[in-house]
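First the proteins, then the strands, lettered A, B, ... as listed; each starts at 1.
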Amino acid sequence: MAEQLNEQDLRRFEELELLEKAGIEVYPYSFNKTHSTKFILKNFNDEKSEELFNVGVAGRISAIRRMGKASFFHIADETGKIQIYMKKDDLPDFYENTKLLDIGDIIGVEGFTFRTKTGEITIHARKVSLLAKCLRTLPVVKEEIDEQGNRIVYDAFADKELRYRRRYVDLIVNPDVKNTFIKRSKIISYIRKFFDEKGWLEVDTPILQTIYGGATARPFITHLNALDITLYLRIAVELYLKRLIVGGFEGVYEIGRNFRNEGMDRTHNPEFTMLELYVAYKDYNWMMDLTEELISKTALEVNGSYEVEFDGKLISLKPPFRRAKMFDLFKQYTGYELKGKSRDELFEIAKKLNVDVDDNASSMKILDEIFGAKVEEHLLQPTFVIDYPLEMSPLAKKHRSEEGLVERFELFVNGNELANAFSELNDPRDQQQRLEEQARIRAAGDEEAMVVDEDFLYSLEVGMPPTAGLGIGIDRLVMLLTGESSIRDVILFPMMRPEKNK
RNA sequence: GACCCCGUAGCUCAGGCGGUAGAGCAUUUGACUUUUAAUCAAAGGGUCGCGCGUUCGAGUCGCGCCGGGGUCACCA
């Protein structure tokens, strides 16, 4: 991308020098900002305008309308925009310099608040200070409010590549982007509050791990020079949080970054934020109730409503959520009873359903394919899919009454997986067998199968109480609650291929 | 990884039938002391993503590469 200075950028560097020559301190050290623009707009009272007679506001110039010996600016701070009125008579020494101000410059304005003829609350400047010059031309976005009160945006900054690579510009120019990330922050802090009130402990466990586990995925590999060993960036926090349950904590959670060295698309970024929660003495039924409470309350907290619009589809997060056993869903949407079927029978059924499967696919793989092709699309409204086949879930406890199944649920919303939870497997003998089975699959060439973690097995032998565990993909939850359909729109700095210098 | 679409001025986009590049905003100059997509007048600004080829001539056609978006696959 162009790092060169264009005509307009050159002019800005020139203006900086002209301002400096005019005796202006172009990079001062601070500014006495007394009010936010939002506060002023909310609290200005025409009857008592003297209350906001001495204000200091600061922000970035977003619009300029010069009219000879008077000018109107808009400046934007974190909370919003406010109009500034500058008049030559009131700024005798500075007014000439206002010609050297550009859209994007950061200024501080001291003055009094009034309402213009056309009714807009405005700061009448008594003193204007340059706080930082914007030396790079920003996209110019113009806005109009129509009679219905709708915001019409002209020439919005729309180039996705530049918006992601220069998120700071995106944030300056596209106010909705800022709102998305404010909402993201609110979602995460609400979840913390919700868990903290339950008395559970937020913990930090290693990101650099000698053995990675807790999920099936390929890791990022790195090296620790001090010990000359290979380390992996974590793909999940599961096994460490369970060790803490063994250690005697009864409720622990972690909200943190996981790293998976796999494909990137609309719902996958190589690093993503995961929430995991483990609570002792509980099972997955209890966890289902909790998940429902958490998701619905979070929606209400940040959106003021259980309803979410996604791609024009209306989704209701009002509890209770639908609960359906996995094999009942298969029966409902394919017409076939798949429970207890052999691998070859499943293969035949998949063919009849026109689901593409590899000739040598395992029965798990076939079930997964059929689920993805025939069932997921029906799970628009929140649905707990319950009781998965054992082979798909090496860390989940065997079902108390159903042979071949585990006590596991996944929450689907809008056809996407949002949460995954089990009654955690705490029998070390069973866990050992399952991990050894994973190791066999791995040896047979599946790079994503799990690695045996001997210390984790040792911890189970020390004894883990019955425990319920939950994982929620925070990025996907944020997507759901903001209506964004790309994970890149809910991650501030999404992974991008580096630009090549030409 | 496969396929489809896109890449033209700082931004948003037009041109695409091959003849040497256009609009709006932004910028510069001038006018304007309550404007608000301010207005009016004039001017400047482009290796048309990069490279190779076809052609008298390529932004336009072909091939390759780079970057982005989307669909699928892989994956949770």
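Separation of the P atoms belonging to B:G49 and B:G7 is 8 Å when rounded to the nearest angstrom. With both ends at atom P, the span from B:C40 to B:U35 equals 15 Å, rounded to whole Å.
Base pairing analysis places B:A41 opposite B:U29; the two distances defining the Watson-Crick or G-U wobble pair are each below 3.5 Å. Nucleotide B:C63 is matched to B:G51 when pairs are restricted to Watson-Crick or G-U wobble geometry with both distances under 3.5 angstrom.
Within the nucleic acid shown, A:D89 comes within 4.0 Å of at least one base atom, counting heavy atoms only. Among the heavy atoms of the strands lying under 4.0 Å from A:E143 are primed sugar atoms or P, OP1, OP2 only; no base atom is included. Among the heavy atoms of the strands lying under 4.0 Å from A:A156 are primed sugar atoms or P, OP1, OP2 only; no base atom is included. Nucleic acid contact class of A:R66 (heavy atoms, under 4.0 Å, all strands): base. As judged by a 4.0 angstrom heavy-atom cut-off over every strand, A:K88 is placed among residues making no nucleic acid contact. At the heavy-atom level, A:A217 lies under 4.0 Å from the strands shown only through sugar-phosphate atoms.
A donor-acceptor contact under 3.5 Å is formed by the side chain of A:Q8 with the base of B:A26.
For the pair A:T180 (side chain) and A:D176 (backbone), a donor-acceptor distance under 3.5 Å is present.
OP1 or OP2 of B:G68 has at least one side-chain nitrogen or oxygen of A:R497 nearer than 4.0 Å. Put simply, A:R11 has a side-chain N or O that comes within less than 4.0 Å of OP1 or OP2 on B:U28. One finds no side-chain N or O of A:R65 lying less than 4.0 angstrom from the OP1 or OP2 phosphate oxygen of B:U34. Between A:K142 and B:A26 there is a side-chain polar atom (N or O) within less than 4.0 angstrom of OP1 or OP2. Distances shown here put a side-chain N or O of A:K365 below 4.0 Å from the OP1 or OP2 atom of B:C75. Residue A:R266 places at least one side-chain N or O closer than 4.0 Å to OP1 or OP2 of B:U71.
Using modelled atom types, one finds a donor on one side chain and an acceptor on the other under 3.5 Å when comparing A:T273 with A:R184.
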